[in-house]
Number of protein chains: 2
Amino acid sequence: MAKYLEIAHQLSERINNKEYLAGQSLPDQKNLATEFKTSRMTIQKAIDVLNFEGLTYSVQGSGTYVKKNADLISDFKVRSDQYVGLTQLFGKNHKITSHIIEFYISNPNEAEQQALKINRNQAVYKITRLRYIDNDSHALEYTTMPTNVIPDITEEILKNSIYNYIRNDLNLSIGAAYRTISAEKPNDLDQKHLNCKISDPILQIQQTVYLDDGKPFEYSYTRQRFDKGKFVILEPTHPNV
Amino acid sequence: MAKYLEIAHQLSERINNKEYLAGQSLPDQKNLATEFKTSRMTIQKAIDVLNFEGLTYSVQGSGTYVKKNADLISDFKVRSDQYVGLTQLFGKNHKITSHIIEFYISNPNEAEQQALKINRNQAVYKITRLRYIDNDSHALEYTTMPTNVIPDITEEILKNSIYNYIRNDLNLSIGAAYRTISAEKPNDLDQKHLNCKISDPILQIQQTVYLDDGKPFEYSYTRQRFDKGKFVILEPTHPNV
DNA sequence: CAGTGGTCTAGACCACCTT
DNA sequence: AGGTGGTCTAGACCACTGC
């Protein structure tokens, strides 16, 4: 492990242990450099990590201070060591299963072509799954993936987690995600599969997900009954640039 | 302007101008250091900025590559140079106005105490506004702010933007935001003010917003009719740590 | 193996906050 | 003025990739 990460880790433990108190400052960089027997640049890289994580913030000419919501930040970080497929979001304490409603190969429509940056001739998987959390039908998921980017999907994979397949078997790493969240009226399929009344709103998350290198590999909709889930985000500050 | 930011800026322009093509690599750090007459550390800080912004990514032992969705990233960055009050999100091309429905000082309820980290005796502003975009009623906003953190709010301020007041007049800088997005059934007030039927879903954004130093200053709900807006996010990768 | 990015050093100067 | 963080240097060694 790099020295600066090691130091960042130790400092964050001190913050968690209240050795450095919220609102108060850390020792100055020169002293930290002496204590950790390293150079100031390395201390600064460590502090950059803490600042990025939102545990601390630095004021030029004054010092580096522990944020007053440092605890919230740490909490959230644990919960969102994820990447959003349902499996990641709920996998720890709950059992996720899937029923495959549709699964076939076809050509992309215009929205899909645009989002996935492919043309009409590039075949895509079309996947419709009903997802269960602890045997309770939870969400309808419509997924489109180009066959050349994510090859050889099987029903077996769909019954578990596509994301685990992408990461572990295809050994690809997932990058950014672009999401649009909206409230919708339930359509016939929602009412049938999600067991909802005509007056029950639907929370829809539409997302395009990209690989590390920026290539889009998934265009999907997830629809769930309004009382079955919320979407949570922590938006950090980025005082950069 | 710091040299590394200047270099980052120039490199990002080259990416926008397709001098460096998507999927291809930048010149190596040593050459860039020579070109910009600087040290490798400084080049690396510049590249860190690009990587952070999602324009590029680096692979140890191989090179630094332009992401294939670099254009999407730049686009989004422009649109979200914000901070989420409605004013920021829509202010450019649209006229935002507000009708004040309620505005008084009171004591916080339990949820507010917890979110704002205050006790029952700390007075808070309670603000209910109906917000218009281009004279079209768009959203109901329920805001709670501690009077000691954000003092001297007036009706005049509420008719415009609280966020501009916080930034420009109080000279405070806004930090992270924690949001929960959900779909809800319309209540009586929604139906009255947002002109919606009982079957029209509501998109609700509940947020706690923090200052730079981590002190929470706003706990609010924004409710809008399902067909009046969506919530959009771009979630970057953070391969750190 | 050569070439790349990742880390680290020991010091320097600057910009800014505090008093 | 003194102390703090922000930047920068010129070089070094290491870890990894890809031929």
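Side-chain atoms are counted along with the backbone in the values below, which use heavy atoms only and exclude waters and symmetry mates. So that the names make sense, note that chain A is the first sequence line, chain B the second, and so on, each numbered from 1.
Between B:T64 and A:T42, it is B:T64 whose nearest contact on DNA chain C lies nearer the 5' terminus.
Using a 4.0 Å cut-off between a side-chain N of Lys or Arg and a carboxylate O of Asp or Glu, B:R40 and B:E35 do not qualify as a salt bridge.
In this structure, the CG atom of B:L5 is 12 Å from the P atom of D:dG6, given to the nearest Å. Nucleotide D:dA10 holds its P atom 16 Å from the NZ atom of B:K45, rounded to whole Å. Across the protein-nucleic acid pair, B:F36 atom CZ and D:dC8 atom P stand 13 Å apart, rounded to whole Å. Atom P of nucleotide C:dT7 and atom CD1 of A:I43 are separated by 15 Å, given to the nearest angstrom. Rounded to whole Å, atom P of C:dA15 lies 15 Å from atom CE of B:M1. For B:N51 and C:dG6, the CG to C1' distance is 12 Å, given to the nearest whole Å. Between the CD atom of B:Q29 and the C1' atom of C:dG3 there is a distance of 12 Å, rounded to whole Å. Following rounding to the nearest Å, B:N31 (CG) and C:dG3 (C1') show an atom-to-atom distance of 11 Å.
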Problem set entry | Footprint string (nucleotides 11-19 of chain D, 5' to 3'): B base within contact, S backbone only, - free, heavy atoms under 4.0 Å | BB--BBB--
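Taking only side-chain nitrogens and oxygens, B:K3 comes nearer than 4.0 Å to OP1 or OP2 of D:dT9.
Partners of A:R120 by salt bridge (charged side-chain N to carboxylate O under 4.0 Å, His left out), not counting sequence neighbours: none found.
Between B:I174 and B:D212, every side-chain heavy-atom pair lies at or beyond the 4.5 Å cut-off.
Using a 4.0 Å heavy-atom criterion, one finds that B:S39 contacts the bases of the nucleic acid, with or without backbone contacts as well. At the heavy-atom level, B:K30 lies nowhere under 4.0 Å from the strands shown. Counting any heavy atom pair closer than 4.0 Å across all strands shown, A:S25 reaches no nucleic acid atom.
When the nucleotides C:dG5, C:dC8, D:dT7 are ranked by their closest atom to the side chain of A:Y4, C:dC8 comes out on top. Minimum atom distance to the side chain of A:Q44 is reached by D:dG5, of the listed D:dG5, C:dG5, D:dC8.
The main-chain N or O of B:P151 is never found under 3.5 Å from a side-chain atom of B:Y125 such that the two would form a donor-acceptor pair.
No side-chain N or O of A:T143 forms a donor-acceptor pair with one of A:S220 less than 3.5 Å apart. When only modelled atom types and interatomic distance are considered, A:Q207 and A:T180 share no side-chain donor-acceptor pair under 3.5 Å.
Between A:F217 and A:Y219, the distance from one ring center to the other does not fall under 6.0 angstrom.
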